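Chain letters run A, B, ... following the sequence lines, proteins first, then strands; residues in each count from 1. Given the structure is predicted, the values throughout are model-derived calculations rather than measurements.
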Protein chains: 2
Amino acid sequence: MNSSGVMAAKRRRRPRGRTQIRDVARLAGVSAITVSRYINDPGKVAEDTRERIAAAIDKIGYIPNMVAKGLSSNRTNIVAAIIPTITNSIFAAEVSGLSDVLKENGHSLLISESGYSLEREAELIQTMIAQRPAGIVVTGQVHSERGAKLLRTVEAPVVETWEIGAEPIDMCVGFSNFDASYRMVTGLIEAGYRRIGLICAPITANDRAARRREGYLAAMGGAGLDIVPGWMRDAKFTFHEGARAMGELLDDHTELEAICCASDIFAIGGAMECQRRGVRIPEDIGICGFDDLELTRMFNPPLTTVHVPRYEIGEKSAAMLLARISSEKTVERKVDLGFEIVWRGSTHPPSSSR
Amino acid sequence: MNSSGVMAAKRRRRPRGRTQIRDVARLAGVSAITVSRYINDPGKVAEDTRERIAAAIDKIGYIPNMVAKGLSSNRTNIVAAIIPTITNSIFAAEVSGLSDVLKENGHSLLISESGYSLEREAELIQTMIAQRPAGIVVTGQVHSERGAKLLRTVEAPVVETWEIGAEPIDMCVGFSNFDASYRMVTGLIEAGYRRIGLICAPITANDRAARRREGYLAAMGGAGLDIVPGWMRDAKFTFHEGARAMGELLDDHTELEAICCASDIFAIGGAMECQRRGVRIPEDIGICGFDDLELTRMFNPPLTTVHVPRYEIGEKSAAMLLARISSEKTVERKVDLGFEIVWRGSTHPPSSSR
DNA sequence: AGTTGATATGATACCGGTAACATTGCTGGG
DNA sequence: CCCAGCAATGTTACCGGTATCATATCAACT
């Protein structure tokens, strides 16, 4: 309490919590730096020293402090990913791909959700940069001005995912949403459909949706077909919204022969709405989706859709970041993982197929 | 190039990358610690100083280094969550709840997937501890010995989620999977079903599935009904597996009147298999699920299921961790967020309802 | 024998913040 | 007028690792 006239003792190390590298060093009879070497590159340490250090680590249950390591070495093992929402399973699959590859390489994954808002995204980019990540993954190639500036100036490598139309800020991985949508709709036209509706996500702050919509418009226009504003509906990413949009189209536009859904979520929700109304698929109306969720294969009838490499986008993004983290040489800047139109029973097949 | 006989200059600070707090301090004409105070508690700094610092931060675009902050203050703003798989949407929803609450409170979320393996989980716990998180979220109350030991000895608060049957290591949030399953099956029995099958996930390394299975067994046994091993099937968490298991039960046990599915994934996959075979729901067979995925409401007929607070589990877990992080006093240790049996058209209703 | 180079290890400063304590200036009660 | 007490700010050491340079040992070569 009172120091009773004695000078306060010189401030000493106040050990906090976990054991540290110095404890291991003392126990093994070596210096801290030798333990550090053992952990980061055991080959630099003599065989018998290795054994003593291993025994010491095991004995006191030492777990390295990545925070201290990050500060002193000026590099963390954290990769930051910003996705619109984790509840959309295409992003969950992407995250799974990221996670699997990063884990194998000793990296950790920091996740945050922008909720399809570019302002939110910019804030999150800043928050992420504060953690000094080794790499950053963002969704799409459209960002707010502030977000883009941060991404351009950050030291860590950056991957933009799910769209490869524009020049990337650093690197990008995905496929052409325009091409995929264009080819899907062109296929529908080849299959004999003429009056084709569209259910698409709001295109603000979502360049993937915007490109898919453009693909639809280009295919329709290119084939000389009518583009009718009333045939196009916005929907948020829920089955219910897909059903609602489908219901509206069925109510207001009985002339429609097929509905192109820019997400399987809409296609499944919409198809269930059709079932509910006794509208037969594909006899009364054709339906196609986008993403190839597992459910589309299970549905009755199975849904025509676009298979997209969602898990692979995560895998490849992680791999590219790791390549750049380990060696500074630039690898690929733009990676097209492609897509595949999958014709199933929910539409008539295009003449060219089968 | 060559030092031409001159002594090497004393090693100096080598500025690395981003601007730092000292740059802001210099520009604002104050010391680093004052900037630190401004950032962490602006009230401690005089008004005019605040303005100068704010201007300086804005001018040079300073972004704090959370790695350095974490080391010097001995606390990070990272929360680590370990879930079985992010592709199961119940965990995606939980993560969303975690993320939303943590984000609001300036914390970041580190995610990793154990793939339903306790050994993997233990490894991940260790990896996470290395990051010195401010809090840890794990799934279930069953862990490997090593995992449990790490969780018991870690300094950070720990929340076990999705099951509250056992005493928590530190805190737990969820509901009783046993009770939920028991009440669901009891409801089926009240509805008149006697020969009830079960499709359940493998119960190894998954206490939630194990409790659900026990609930089924207890309800059947308690009602004096036959428990037939052939009526119970394992399935992994895919729609396809649900369909497969359902198909087997339909093939081998035509006597079954209802199938209790321990996950909506099985229920939906199974129900689609029934549709495919022309087996009518609920006329020919009753089906109930578990989790109340959005799709169960959209299905034709809508599926009877157990509503579980998946988003809320994330929210509440985050809130409890934050409470503990900000003040050391213990808050609730065991939080029951409940569940609700939702009777829909895929089963006959129990006599007691409606 | 002296030199060279490779191998193994250590001493020290430093990463970019903050905790703890010190200092300064000012206000107001005795 | 003196000093306690508060407000605002500064000084210094330290967090737990690693980068950098230094040192020690020993084999091989000239």
Side-chain angles (χ1 to χ4, degrees), chain A residues 3 7-26 28-53 57 60 62-77 129-132 155, chain B residues 3 7-26 28-53 57 60 62-77 129-132 155:
Chain A
S3 51
M7 288 285 282
K10 171 137 180 120
R11 221 176 308 164
R12 63 237 166 298
R13 246 168 212 279
R14 52 211 133 116
R16 316 186 286 187
R18 292 251 155 213
T19 55
Q20 25 180 295
I21 206 167
R22 287 167 172 87
D23 302 323
V24 176
R26 196 173 313 121
V30 296
S31 69
I33 189 69
T34 300
V35 177
S36 173
R37 289 197 184 101
Y38 167 79
I39 291 170
N40 295 297
D41 187 357
K44 285 185 183 165
V45 174
E47 173 62 18
D48 59 332
T49 310
R50 263 202 301 260
E51 284 165 13
R52 290 207 316 283
I53 294 176
I57 287 176
I60 65 178
Y62 171 67
I63 299 180
N65 184 330
M66 302 310 281
V67 181
K69 177 170 182 157
L71 179 61
S72 78
S73 66
N74 196 28
R75 62 190 323 183
T76 66
N77 66 342
I129 290 177
Q131 306 287 352
R132 301 298 189 269
E155 279 188 280
Chain B
S3 51
M7 288 285 283
K10 171 136 181 119
R11 221 176 307 164
R12 63 233 168 297
R13 248 170 210 281
R14 53 211 132 116
R16 314 187 284 188
R18 292 250 155 213
T19 56
Q20 26 180 293
I21 206 168
R22 286 167 172 88
D23 302 322
V24 175
R26 195 173 314 121
V30 294
S31 70
I33 191 69
T34 301
V35 178
S36 172
R37 289 197 184 99
Y38 167 80
I39 290 170
N40 294 297
D41 186 358
K44 285 185 183 164
V45 174
E47 173 62 20
D48 59 332
T49 311
R50 263 201 300 261
E51 284 166 13
R52 291 207 315 284
I53 294 176
I57 286 176
I60 65 178
Y62 170 67
I63 298 179
N65 184 331
M66 302 310 281
V67 181
K69 175 171 183 157
L71 179 60
S72 76
S73 66
N74 197 29
R75 62 189 323 183
T76 66
N77 65 344
I129 290 177
Q131 305 287 352
R132 299 298 188 268
E155 279 188 281

Asker: Taking atom P of dC15(D) as reference, at what distance in whole Å does atom CG of Asn65(A) sit?
Answerer: 12 Å

Asker: Given atom CD of Gln20(B) and atom P of dG16(C), what is their separation to the nearest angstrom?
Answerer: 4 Å

Asker: Check the interface with nucleotides 8-10 of chain C: list each N/O to N/O pair with the protein under 3.5 Å, or write none.
Answerer:
| unit_1 | atom_1 | unit_2 | atom_2 | d |
| --- | --- | --- | --- | --- |
| dT9(C) | OP1 | Thr49(A) | OG1 | 2.4 |
| dT9(C) | OP2 | Ala46(A) | N | 3.0 |
| dG10(C) | OP2 | Ser31(A) | N | 2.8 |
| dG10(C) | OP2 | Ser31(A) | OG | 2.9 |
| dG10(C) | OP2 | Thr34(A) | OG1 | 2.6 |
| dG10(C) | N7 | Arg37(A) | NH1 | 3.4 |
| dG10(C) | O6 | Arg37(A) | NH2 | 2.7 |

Asker: Show, in sequence, the C-alpha distance, side-chain angles and deciding distance for Asn65(A) and Arg18(A), and conclude whether the side-chain contact (heavy atoms from CB on, under 4.5 Å) test is met.
Answerer: CA-CA 9 Å; Asn65(A) 184 330; Arg18(A) 292 251 155 213; over 6 Å; no

Asker: For Arg22(A) and dG16(D), give me the distance from atom CZ to atom P, rounded to whole Å.
Answerer: 8 Å

Asker: For Arg50(B), check side chain to side chain donor-acceptor pair (under 3.5 Å) against everything at least two apart and list the hits.
Answerer: Glu47(B)

Asker: So if I take every side-chain heavy atom of Ser36(A) and compare against dA19(C), dT18(D), dC15(D), which nucleotide ends up nearest?
Answerer: dT18(D)

Asker: Can you tell me the distance, in whole Å, between the CZ atom of Arg75(A) and the C1' atom of dG17(D)?
Answerer: 15 Å

Asker: Specify the separation, in whole Å, of atom CD1 of Ile21(B) and atom P of dC15(D).
Answerer: 19 Å

Asker: Mind checking Tyr38(B) for me? I need base, sugar-phosphate or nothing, with any heavy atom below 4.0 Å counting as a touch.
Answerer: nothing

Asker: Between Arg22(A) and Ala32(A) (side chain of the first, backbone of the second, donor and acceptor by atom type, cut-off under 3.5 Å), is there such a pair?
Answerer: no

Asker: Specify the separation, in whole Å, of atom NZ of Lys69(A) and atom P of dA19(D).
Answerer: 9 Å

Asker: Does Asn40(A) put a side-chain nitrogen or oxygen below 4.0 Å from OP1 or OP2 of dT18(D)?
Answerer: yes

